[in-house]
Each structure stands twice: as C-alpha cells, then as structure tokens.
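Here's the structure, in structure tokens; my notes come after.
This is a predicted model, so every value here is computed, not measured. Atoms considered below: every heavy atom in the structure, side chains included; atoms not considered: hydrogens, waters and symmetry mates.
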Amino acid sequence: MVALAGLMAAGCGPPDHPLIAVYSTQGGEVRVRLRPCPGSAVTSVKVIRLGGEPSGKAAPPGLDYWLGAPPKPMKGEQDLDLSSLPADWRARQKGTGGLTAGRYTLRFTSGHRNSVDYRGETTFRPADLNKLGPGEVLTGGKVMSLKEFRKKADESC
C-alpha cells in the first residue's frame, strides 16, 4: 500500500526516454532521428514551438506545431524532415515556413491501440544546430556522434 501511494505521489505515467536526436543537413534541412526501443514502434510524432511572446507582440512567423501519426506504426530507427509532415500521415499543422526562432520540443509516442508505453522527447533551438559538426546530433541538450546517440538510446531501453 505504501509503494502504491509513493507511485501515485510521483505522478506515474509513461516513462520518457532519450530516443530522439536532431541534426541539420549540409543544405540546412532540419531532420530528426527517432530510435524506438527494440520490439516497439513509433505511433505518433509532435513538434511544438515553446514559449510565448511578450505581451502585445505577435509570434514570429514559422511553424507553431505539427502533430502526426503514420498510417501504420513505424518500427526501427526512423529519419524525418521536420520542415513538413509526411504526405501519407494523419496530421494537423499550425504555421508555415519551417522551424524559426525559439525553442521546440519533439516527442514521439510508442504504444498500441489507445495506450502509450513510453515517450521519446527532446527540446532544442534551431540555432543550436548550426554548431554541430559533420556526423553530430543534438539530443537532450548535448552534442554527440550518431553512434553515441544510438548507444545511449539502446541503453535507456
């Protein structure tokens, strides 16, 4: 009973894992690498611009959010372009022009039917991607190689 009360007080929910890395291509395209745990699949992806503007100022143009679900769960490592939703996904989007100033959160969920087993999540600023070298990704605010990201993602599962 004490253990149950402790879990309830801790705000139980699906765990978050460091399973998302962000990077940009040589052409400046912002991309995300999703690495679900073995045996599971990505069921939805969200990209959300965080924070508001000071009172009385309009938000800068650009993508505010996109929320999407692939036609079927995606198993294995995935690589997506963040500037637009994949054409065959069920999706909603607000704003256009791609990722601009500000901070963004990326999240994917893994589960089945209407349940969520776990989430992958990271937050970043598009300007931070300019600091990455060839073969580097950003995850959890840290710069690392793609190989290191894969190792950390696998360890978190």
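In this structure, the side-chain contact (heavy atoms from CB on, under 4.5 Å) partners of Val47, at least two apart in sequence or on a different chain, are Leu63, Trp66, Leu82, Leu99, Tyr104, Leu106. For Thr43, the side-chain contact (heavy atoms from CB on, under 4.5 Å) partners are Pro73, Thr109, not counting sequence neighbours. Residues passing the salt bridge (charged side-chain N to carboxylate O under 4.0 Å, His left out) test with Asp79 are Arg31, Arg33, sequence neighbours excluded. For Pro134, the side-chain contact (heavy atoms from CB on, under 4.5 Å) test picks out no residue, with sequence neighbours left out. Partners of Asn130 by side-chain contact (heavy atoms from CB on, under 4.5 Å), not counting sequence neighbours: none found.
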Which pairs of donor and acceptor atoms, one on a side chain in residues 139-150, lie under 3.5 Å apart (sequence neighbours left out)?
residue: Thr139; atom: OG1; partner: Ile20; partner atom: O; Å: 2.6
residue: Ser145; atom: OG; partner: Glu148; partner atom: N; Å: 3.0
residue: Arg150; atom: NE; partner: Glu77; partner atom: OE1; Å: 3.0
residue: Arg150; atom: NE; partner: Glu77; partner atom: OE2; Å: 3.2
residue: Arg150; atom: NH2; partner: Glu77; partner atom: OE2; Å: 2.7

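Atom CZ of Arg49 is separated from atom CG of Asp64 by 4.5 Å, given to the nearest 0.5 angstrom. Put simply, CZ on Arg119 and NZ on Lys46 are 8.5 Å apart, with the number rounded to the nearest 0.5 Å. Arg90 CZ to Leu67 CG: the interatomic distance, rounded to the nearest 0.5 Å, is 12.0 Å. Considering OG of Ser44 and CE of Met74, their distance stands at 9.5 Å, rounded to 0.5 Å. Taken from OG in Ser156 to CG in Leu19, the straight-line distance is 4.5 Å, to the nearest 0.5 Å.
Counting only distance, with no hydrogens or angles, the side chain of Glu136 and the backbone of Gly133 share a donor-acceptor pair below 3.5 Å. Remark: side-chain polar atoms of Thr25 are paired, donor with acceptor, to backbone N or O of Glu29 under 3.5 angstrom.
Here the closest non-hydrogen pair linking Asp117 and Gly111 is OD2-CA, 3.5 Å. Pro71 and Trp89 make their closest contact through CD-CD1, 3.8 Å (heavy atoms, listed as atom of the first residue, atom of the second, distance). Looking at every heavy atom in both residues, Gly76 comes nearest to Pro36 through O-CD, 3.3 Å.
Counting heavy atoms from C-beta outward, Tyr118 and Cys157 have side chains that stay 4.5 Å or more apart. Looking at Leu129 and Phe124, their side chains come closer than 4.5 Å, going by heavy atoms from C-beta outward. Between Val22 and Val137 there is no side-chain heavy-atom pair separated by less than 4.5 Å.
In the hydrophobic clustering of this structure, Phe108 does not group with Ile48; members are Ile, Leu, Val, Met, Phe, Trp, Tyr whose side-chain heavy atoms approach within less than 4.5 Å, directly or through other members. Cluster membership check: Leu34 shares its hydrophobic cluster with Leu132, using side-chain heavy-atom separations under 4.5 Å among Ile, Leu, Val, Met, Phe, Trp and Tyr.
The existence of a salt bridge linking Lys131 and Asp128 is confirmed by a sub-4.0 Å separation between a basic side-chain nitrogen and an acidic carboxylate oxygen.
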